[in-house]
Each structure stands twice: as structure tokens, then as C-alpha cells.
Amino acid sequence: MNEVLAGIDIGGTKIAVALETAERERVATRFLSTQSEAGPFAVLEDVSRAIEEILDEKGDGKLVSIGVGSPGPLDMEKGLILSPSNMRDWDRFPIVGLLRERFKVPVMLDNDANAAALGEYIYGAGRGYKNIVYITASTGIGGGIIINGEIFHGVSHGAGEIGHTVALPDSDIRCYCGTIGCLEAVCAGARIARRAQERLSKGEASLINEMVRDVEQVTAKTVIEAARRKDKLATEIWSEACRYLAVGVANIFTLLAPEAVVIGGGMAAAGEMLFEPLRRITPQFVSMIPHEKINIIPAELGTESGICGALVIARKAFSNSYQIYAA
């Protein structure tokens, strides 16, 4: 009977479940609605049944471990999910213990940004490097740090929270975490959309008015598309966001000097509209390493980063090792 590992990537709106063999061959992938209103126990039951159904359908697979990537905050030692902002009912939810009890296999939990970093490191854009920082730039901004092939968790597993480094301390922009001027608060997708909504509500002219029926429907994706069409308002908002993100990336290079910063998420889908200004602006704020060593690259796995990382976490659980080995 073939040994298989299961990965679970928990998101605010959907959950991915995947199984793969010891040889890293994908067995199957399922996508489920998170259905936060149903409560965590009901959601976990759906996830568990999906794993069992895949095992039954394949017939010759023996589950040996499970890896879980979840939005934080987490208590990794106790295997608890601690009330993520978009899943408030999951407060102190003992996901590791419940999965371990049901499947009788090792289970390991890590935050979703670390999982995505692992996915890109093993399967995606981070292949071939020892030291990378992964940034997910989407509605919010998160990150994961890999040093010498290992996720760096830091004190209380708080490392990698690039979105909550302060980029604009003297502003009046308060992040949901309570801090003024966090990088996430000044340049993430939610801020881009809100900035456009504010300016459109004041009557400023823009192509965006032709793209949506109501100002409240404006998203970061709307702004990116309008900027692609050379709209002045959208271009100004997007340029501002890129500049702040470049400051955050520059700080990463100055502090950690990684071989590469890998960027994924919805903002990265803008392609060279994001990466050209980042590569141009970031060196302006870096003085301690050669500019030719500033390597900013797009993630390769898209929405698969998280589930691939969850499978890497499953391998860690199975091997009971904290070293990540790239094949």
C-alpha cells in the first residue's frame, strides 16, 4: 500500500485539500467552501470526509501524516487556531488534536504565509535557493522567512509579519492590528480599493466610473485594470502602493540579505506593472548590499502555493524533522 500525505490549506472563503505520494506525485485535490458561519467543527468534518473519500477512491493509499496551513494567530505548540480576523468563531480551535485523533497520524500546523513560502521554496520560484523571503501581497500582506532551508519562526512564532512592519509612522492610517502606518495598511489591496473609493466619492474623474456601477464595488483589481489603461487616478494610487511596498522589500534586503524575495498574491498578478517599479525603486532604499544582488521574483504557483506548502508541512510532520530538504 502506497504511503500518502495530506495537506490542508485554510482560507477565509475556501479550503484546499490535497493528497500526494511519498514521491511527490499529486493524488487528488479538492476545494471546499470555508462556510465560517457553520462553525469550525462542521468545516473540519467536511475536510476530514474529503480526505477519507479521496483515500477510498484511490484504494491503495495509506495516510501517514497531515500538514495544515491556516491564517493566524496560532498556538503552534498546542495546535490551536486562535481566532483569525476572518474566522472569529475559530477561537482556540484544537485542529491538530482533532485531526490526530481521527486519523491516528502525525499532524503539524503552521500559518498560511509560512506554508506558501514553503510551497514556493520546494515546488516553485524558490527552488535552488537556501535563503528566501516570501511575501503574499493581496487584500492584506503577509510573509514567510526561510533561512538555510528552514522556516524561521522567531519568538512566539511571530517572524515574517512584513505586513505589520511600520512604513508610515506619522500617518493617520491605522491598521486593524492597532498600529499606525503598517505596510499592509498603506499599500495592500484593501487600502488600494479604499483609496480609490475615497477619491471617486469626492467627484474625481476616472475610467473607474465606467467600470463599476457603484463606488463601493471598486476593488484593487479594478484599480489595476484602470492603471493598465493609463487612467490618471488609478495610476497615482497604484504607483503610491508600489512605492510603499518597495520600501518594505528594501527593508527585507537590508535586514536579512536574502538571495531572493518572492512575491505572490493578487497584487503580483499585475505582473510587470508591479515588478518593474519594485525592481526600480527598491534599490533606492538599499545601501548595504550590492544592487545587483537585489533579486525580486514573482511566485510561480499562484493559488497552489498554500496547498503545496501544507504538503511540505505534512512531510515535516512525518519525518519529525525541522529541516526541509529540497529534492
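Residue numbers start at 1 and run along the sequence shown.
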_Strictly distance-based, threshold 3.5 Å: is any side-chain N or O of Gln217 a donor or acceptor partner for the main-chain N or O of Asp214?_
yes
_Check Arg30 with Glu57, please: is the shortest side-chain N to carboxylate O separation under 4.0 Å?_
yes
*Do Ile296 and Ile132 belong together in a cluster built from hydrophobic side chains that touch within less than 4.5 Å?*
no
*Nearest non-hydrogen partners of Ile162 and Gly142, listed with the distance*: CG2-O, 3.5 Å
*asked:* I'd like to know if the side chain of Asn131 and the backbone of Asn148 have a donor-acceptor N/O pair within less than 3.5 Å.
replied: yes
*asked:* Please determine whether a side-chain nitrogen of the Lys or Arg among Arg228 and Glu272 lies less than 4.0 Å from a carboxylate oxygen of the Asp or Glu.
replied: no
_Quick check: closest heavy atoms across Ile208 and Ala234, and the distance to 0.1 Å?_
CD1-CB, 4.2 Å
*When you look at Asp172 and Ile180, which way does the side-chain contact (heavy atoms from CB on, under 4.5 Å) test go after all the steps?*
CA-CA 7 Å; Asp172 58 356; Ile180 298 293; over 6 Å; no
*With the side chain counted from C-beta on, respond yes when Pro283 and Phe253 share a heavy-atom pair under 4.5 Å apart, and no when they do not.*
no
*When clusters are formed by joining ILVMFWY residues with side-chain heavy atoms under 4.5 Å apart, either directly or through shared neighbours, do Val133 and Ile147 land in the same one?*
yes
*Cluster check Tyr244, Ile281: I/L/V/M/F/W/Y, side chain < 4.5 angstrom*: no
*Are any side-chain N or O atoms of His157 and backbone N or O atoms of Pro73, one a donor and one an acceptor, separated by less than 3.5 Å?*
no
*Is Val262 linked to Leu245 within one hydrophobic cluster, defined over Ile, Leu, Val, Met, Phe, Trp and Tyr using a side-chain heavy-atom separation of less than 4.5 Å?*
no
*In terms of side-chain geometry, is the basic nitrogen of Arg102 or Glu52 positioned less than 4.0 Å from the acidic oxygen of its partner?*
yes
*Atom CG in Leu63, atom CG in Leu99: separation rounded to 0.5 Å?*
9.5 Å
*Which atom names give the shortest non-hydrogen contact between Leu109 and Gly79, and what distance separates them?*
CD2-C, 3.9 Å
*Does some side-chain heavy atom of Trp238 sit less than 4.5 Å from a side-chain heavy atom of Arg195?*
no
*Decide yes or no on side-chain contact (heavy atoms from CB on, under 4.5 Å) for Phe285 and Thr254, but give the supporting numbers first.*
CA-CA 9 Å; Phe285 299 102; Thr254 299; over 6 Å; no
*Transitively linked via ILVMFWY side-chain contacts under 4.5 Å: Phe152 with Val312?*
no
*Does Arg24 reach the side chain of Tyr123, with side-chain heavy atoms less than 4.5 Å apart?*
yes
*Side chains of Val105 and Ile66: does their closest heavy-atom pair fall under 4.5 Å?*
yes
*Aromatic ring centroids of His164 and Tyr176 under 6.0 Å?*
yes
_Pair Tyr129, Ile297 - check side-chain contact (heavy atoms from CB on, under 4.5 Å), show working._
CA-CA 12 Å; Tyr129 298 112; Ile297 57 179; 4.1 Å; yes
*side-chain contact (heavy atoms from CB on, under 4.5 Å) between Phe275 and Ile263: does it pass, once the steps are laid out?*
CA-CA 9 Å; Phe275 288 94; Ile263 302 180; 4.0 Å; yes
_Main-chain N/O of Gly140 paired with Glu184 side-chain donor or acceptor, under 3.5 Å_ = no
*asked:* Do Asn2 and Thr21 pair up side chain to side chain, a donor and an acceptor below 3.5 Å, judged on atom types alone?
replied: no
*N/O donor-acceptor pair under 3.5 Å between Ser70 side chain and Ile10 backbone*: no
_Taking the basic N atoms (NZ, or NE/NH1/NH2) and the acidic carboxylate oxygens, is any pair closer than 4.0 Å for Glu45 and Arg49?_
yes
*asked:* Using side-chain heavy atoms (C-beta onward) and a distance below 4.5 Å, is Glu259 in contact with Asn295?
replied: no
*Rounded to the nearest 0.5 Å, what separation is found between the CZ atom of Arg243 and the SG atom of Cys187?*
12.5 Å
*What distance separates Leu82 CG from Asp91 CG, expressed to the nearest 0.5 Å?*
7.0 Å
*Euclidean distance, Phe41 CZ relative to Ile95 CD1, rounded to 0.5 Å*: 10.5 Å
*Is there a donor-acceptor contact under 3.5 Å from the side chain of Thr282 to the main chain of Arg279?*
no
_Testing the basics here: between Gly144 and Asn114, what is the closest heavy-atom pair and its distance to 0.1 Å?_
CA-OD1, 3.4 Å
*Does Ser305 offer a backbone N or O that forms a donor-acceptor pair with the side chain of Glu120 under 3.5 Å?*
no
*Where Pro277 and Cys242 come nearest, the two heavy atoms and their spacing*: CG-SG, 4.0 Å
*Is there a donor-acceptor contact under 3.5 Å from the side chain of Ser206 to the main chain of Asn209?*
no
*Give the minimum heavy-atom separation between Leu19 and Arg26, together with the two atoms involved.*
O-CD, 3.4 Å
*What distance do Ile8 atom CD1 and Ile307 atom CD1 have between them, rounded to the nearest 0.5 Å?*
7.5 Å
*Got a salt bridge between Glu20 and Arg315, using NZ or NE/NH1/NH2 to carboxylate O under 4.0 Å?*
yes
*Is the shortest heavy-atom distance from the side chain of Ile146 to the side chain of Tyr134 under 4.5 Å?*
no
*asked:* Tell me every residue that passes ring pair (Phe, Tyr, Trp, His ring centres under 6.0 Å) with Phe31, counting only those two or more places apart in sequence or in another chain.
replied: none
*Cationic N near anionic O, under 4.0 Å, Lys221 to Glu225*: no
*Is the NZ atom of Lys104 crowded by more than 12 outside heavy atoms at less than 6.0 Å?*
yes
*Roughly how far, to the nearest 0.5 Å, is the CD1 atom of Ile252 from the CD1 atom of Ile294?*
12.0 Å
_Looking at Arg194, I want to see if its CZ is surrounded by more than 12 non-hydrogen atoms of other residues, nucleotides or ligands under 6.0 Å._
yes
